[in-house]
Amino acid sequence: MAQFIDGVMDMGAGLILGPVKENCKPVIVGVDFGTAYSGIAFAYSADPGSIQCGAPTALDPSQMKVPTALLQLPNGVWEFGNAAEAKYNDLLSGYDREEAGPLPAHLYKRFKMVLKGKETGFDTLKAVSVAGKSHSLLDLVTISLQKLKEFALQLVSTGFGGEVDPIRDIQWVLTVPAIWNEFGKAFMRKAAFKAGMIETEQSDDLILVLEPEGASLAVHVGAAQFGLLGVASRFMVLDCGGGTVDITVHEVERVEPSLSMKAIAAPSGGDWGGDYVNVKFQEFLKELVGADLYKPTELPLEFYAINAEFDKNKMMFDPNSEPASIR
């Protein structure tokens, strides 16, 4: 199977996905901008089988993704990822609402899903912070992509042998959910342009890839090393993310001299991601304590702490373990 070693994913010997095009940019950068977590991966066209991965504000080299979280500070500075959540937690811990008034910093999470099903609204769509403040969705997505772009440039430059120009030197690949409509894809392309990834909105230097189709290639990479998924093999990918579950079904047409697969069913899916467990928990909490006490914007520290603890327990949940006893 493909594996990560010191931040580099070894694609394995003997697998040919296809020749590198003569006019290929020196670096290919993949950006996984997710509802819950985000990260980047890149490879040099001279060595396409060595893929390096990472994410800004990662706590250690093994953390390939960080929370898709943006914190707007009172001075206008934006923090991203683990740094955003840590700073927000610190601010809340030393915050006295009665003395200081409303918290001046605002944390935005899970804002990507505002795009689901939308047909218009480049400049009008809004996302709401944890404390209830609204902000331009296009700005939030653009800032997130800027943070991921800056981190990618930092990583790429270490082995590039010179200054990296994001427009001249990089082929960008941005993943999007299979259920995104044309407006959703156009929205992401506009945000990438505003983030400085491409020179024009319609530039071929940005490729949008459906998330489960990208996963299909990864599935084939791992299986091919064991002689699986040969010609005429069919397989389904269920890409279960934080916001969406995306489904693709492919058939392998050719393995050599280069890999060729075809979709045998239209990509599908829905807003069934893991974050909706959190939504149901919040609905349960509201029913449990009552509408009069359920006031997240008035008690930001308490509700943030409760939701963070639920998130931690959700990720550690083992369906095969015995339920914890209640005392």
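Small disclaimer: the values here were computed from a predicted structure and weren't measured.
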Next item on the list: Test side chain to side chain contact (heavy atoms under 4.5 Å, CB included) on F281 and I306 and set out the steps.
Entry: CA-CA 10 Å; F281 169 70; I306 290 171; 3.9 Å; yes
Next item on the list: Check the pair E283, K286 against salt bridge (charged side-chain N to carboxylate O under 4.0 Å, His left out), reporting the backbone distance first and the verdict last.
Entry: CA-CA 5 Å; E283 290 175 359; K286 184 174 183 179; over 6 Å; no
Check: Run the side chain to side chain contact (heavy atoms under 4.5 Å, CB included) check on D271 and Y276 step by step: do they pass?
Finding: CA-CA 8 Å; D271 51 341; Y276 288 89; 3.6 Å; yes
Next item on the list: Apply side chain to side chain contact (heavy atoms under 4.5 Å, CB included) to the pair D32 and S38, showing each step before the final yes or no.
Entry: CA-CA 5 Å; D32 182 2; S38 296; 6.0 Å; no
Notebook entry, point to check: What's the verdict on side chain to side chain contact (heavy atoms under 4.5 Å, CB included) for L174 and L145, showing C-alpha distance, side-chain angles and the deciding distance?
Noted result: CA-CA 10 Å; L174 178 61; L145 293 182; 4.2 Å; yes
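The line from OG1 of T158 to CG of L153 is 11.5 Å long, rounded to the nearest 0.5 Å. To the nearest 0.5 angstrom, E85 atom CD is 11.0 Å from L70 atom CG. Here the CG atom belonging to L148 is positioned 6.5 Å from the CE atom belonging to M197, to the nearest 0.5 angstrom. Going from atom NZ of K109 over to atom OG of S129 covers 12.5 Å, rounded to the nearest 0.5 Å. Residue L155 holds its CG atom at 7.0 Å from CD of Q52, rounded to the nearest 0.5 Å. Separation of atoms OG1 (T248) and CE (M236) is listed at 8.5 Å; rounding is to 0.5 Å.
Counting only heavy atoms from C-beta outward, the side chains of V130 and Y88 approach each other to under 4.5 Å. In this structure, the side chains of T200 and S203 come closer than 4.5 Å at one or more pairs of heavy atoms. Counting heavy atoms from C-beta on, the side chains of K194 and Q146 never come closer than 4.5 Å. Annotation: side chain of Q282 is not in contact with side chain of F310 (no heavy-atom distance under 4.5 Å). Side-chain contact check for W172 versus P166: some heavy-atom pair is nearer than 4.5 Å. Between K112 and W180, some side-chain heavy-atom pair lies under the 4.5 Å cut-off. Taking 4.5 Å as the limit, every side-chain heavy atom of Y37 sits out of range of all side-chain heavy atoms of M64. In this structure the side chain of L217 never reaches within 4.5 angstrom of the side chain of V219, judged on heavy atoms.
Ion pairing of K185 with E182 is present here, as a side-chain N (NZ or NE/NH1/NH2) and a carboxylate O approach within less than 4.0 Å. We find that K147 and E79 are not joined by a salt bridge, their nearest charged nitrogen and carboxylate oxygen being 4.0 Å or further apart. Between R110 and D275 there is a salt bridge, with a side-chain nitrogen of the basic residue lying less than 4.0 Å from a carboxylate oxygen of the acidic one. Ion pairing between R234 and E251 holds under the 4.0 Å rule for side-chain N and carboxylate O.
Shortest non-hydrogen contact noted between S45 and P48 is O-CD, 3.4 Å. Of all heavy-atom pairs between A215 and V237, the closest is CB-CG1, 3.8 Å. Closest non-hydrogen pair, A69 versus L107, comes out as CB-CD1, 4.2 Å. Across every non-hydrogen atom of K149 and A195, the tightest pair is NZ-O, 2.9 Å. Nearest approach of A55 to V66, heavy atoms of both residues: CB-CG1, 3.7 Å. Pairing each heavy atom of I179 with each of S268, the nearest pair is CG2-C, 4.2 Å.
Crowding of D292 atom CG: a count of heavy atoms from other residues, nucleotides or ligands under 6.0 Å not exceeding 12. The local environment of CD in E253 is crowded, with over 12 non-hydrogen atoms from other residues, nucleotides or ligands closer than 6.0 Å. Counted within 6.0 Å of NZ on K126, heavy atoms from surrounding residues, nucleotides or ligands total more than 12; the atom is thus considered enclosed.
Of the options L137, L125, N181, a side chain to side chain contact (heavy atoms under 4.5 Å, CB included) to K118 is made by L125 and by none of the others. Each of L71, L140, L73, D139 was compared with W78 under the side chain to side chain contact (heavy atoms under 4.5 Å, CB included) criterion, and only L140 meets it.
Hydrophobic clustering (side-chain heavy atoms under 4.5 Å, transitive across Ile, Leu, Val, Met, Phe, Trp, Tyr) keeps I28 apart from V164. I170 and I167 fall into different hydrophobic clusters, defined by Ile, Leu, Val, Met, Phe, Trp and Tyr side-chain heavy atoms under 4.5 Å apart, directly or through other members. Linking Ile, Leu, Val, Met, Phe, Trp and Tyr whenever their side-chain heavy atoms come within less than 4.5 Å leaves V209 and L115 in two separate clusters. Residues V128 and L138 do not share a hydrophobic cluster, clusters being chains of Ile/Leu/Val/Met/Phe/Trp/Tyr side chains in contact below 4.5 Å. Follow the hydrophobic side-chain contacts under 4.5 Å out from V249 and you never reach F235; the two are in separate clusters.
Ring-plane geometry between F33 and F111 is classed as tilted, the angle between the planes lying from 30 to 60 degrees on a 0 to 90 degree scale. Ring pair F42/Y44 is perpendicular by interplanar angle, where above 60° counts as perpendicular and below 30° as parallel.
T68 places a side-chain N or O within 3.5 Å of a backbone atom of G34 that can act as its donor or acceptor partner. A donor-acceptor pair is defined here as one N or O able to donate and one able to accept, closer than 3.5 Å; such a pair exists between the side chain of Q171 and the backbone of D205. A distance-only check finds a donor-acceptor pair linking the side chain of D246 to the backbone of A178 [under 3.5 Å]. Side-chain atoms of R168 do not come within 3.5 Å of backbone N or O of K25 as any donor-acceptor pair.
Looking at residues two or more places apart in sequence or on another chain, you find a side-chain contact (heavy atoms from CB on, under 4.5 Å) between E309 and K312, N313.
Using a 3.5 Å distance cut-off with no hydrogens or angles, the side chains of N82 and Q63 do pair a donor with an acceptor. There is a side-chain donor-acceptor pair under 3.5 Å between S50 and D47.
K190 forms a cation-pi arrangement with F122, by the criterion of a distance under 6.0 Å to the ring centre and an angle within 45° of the ring axis.
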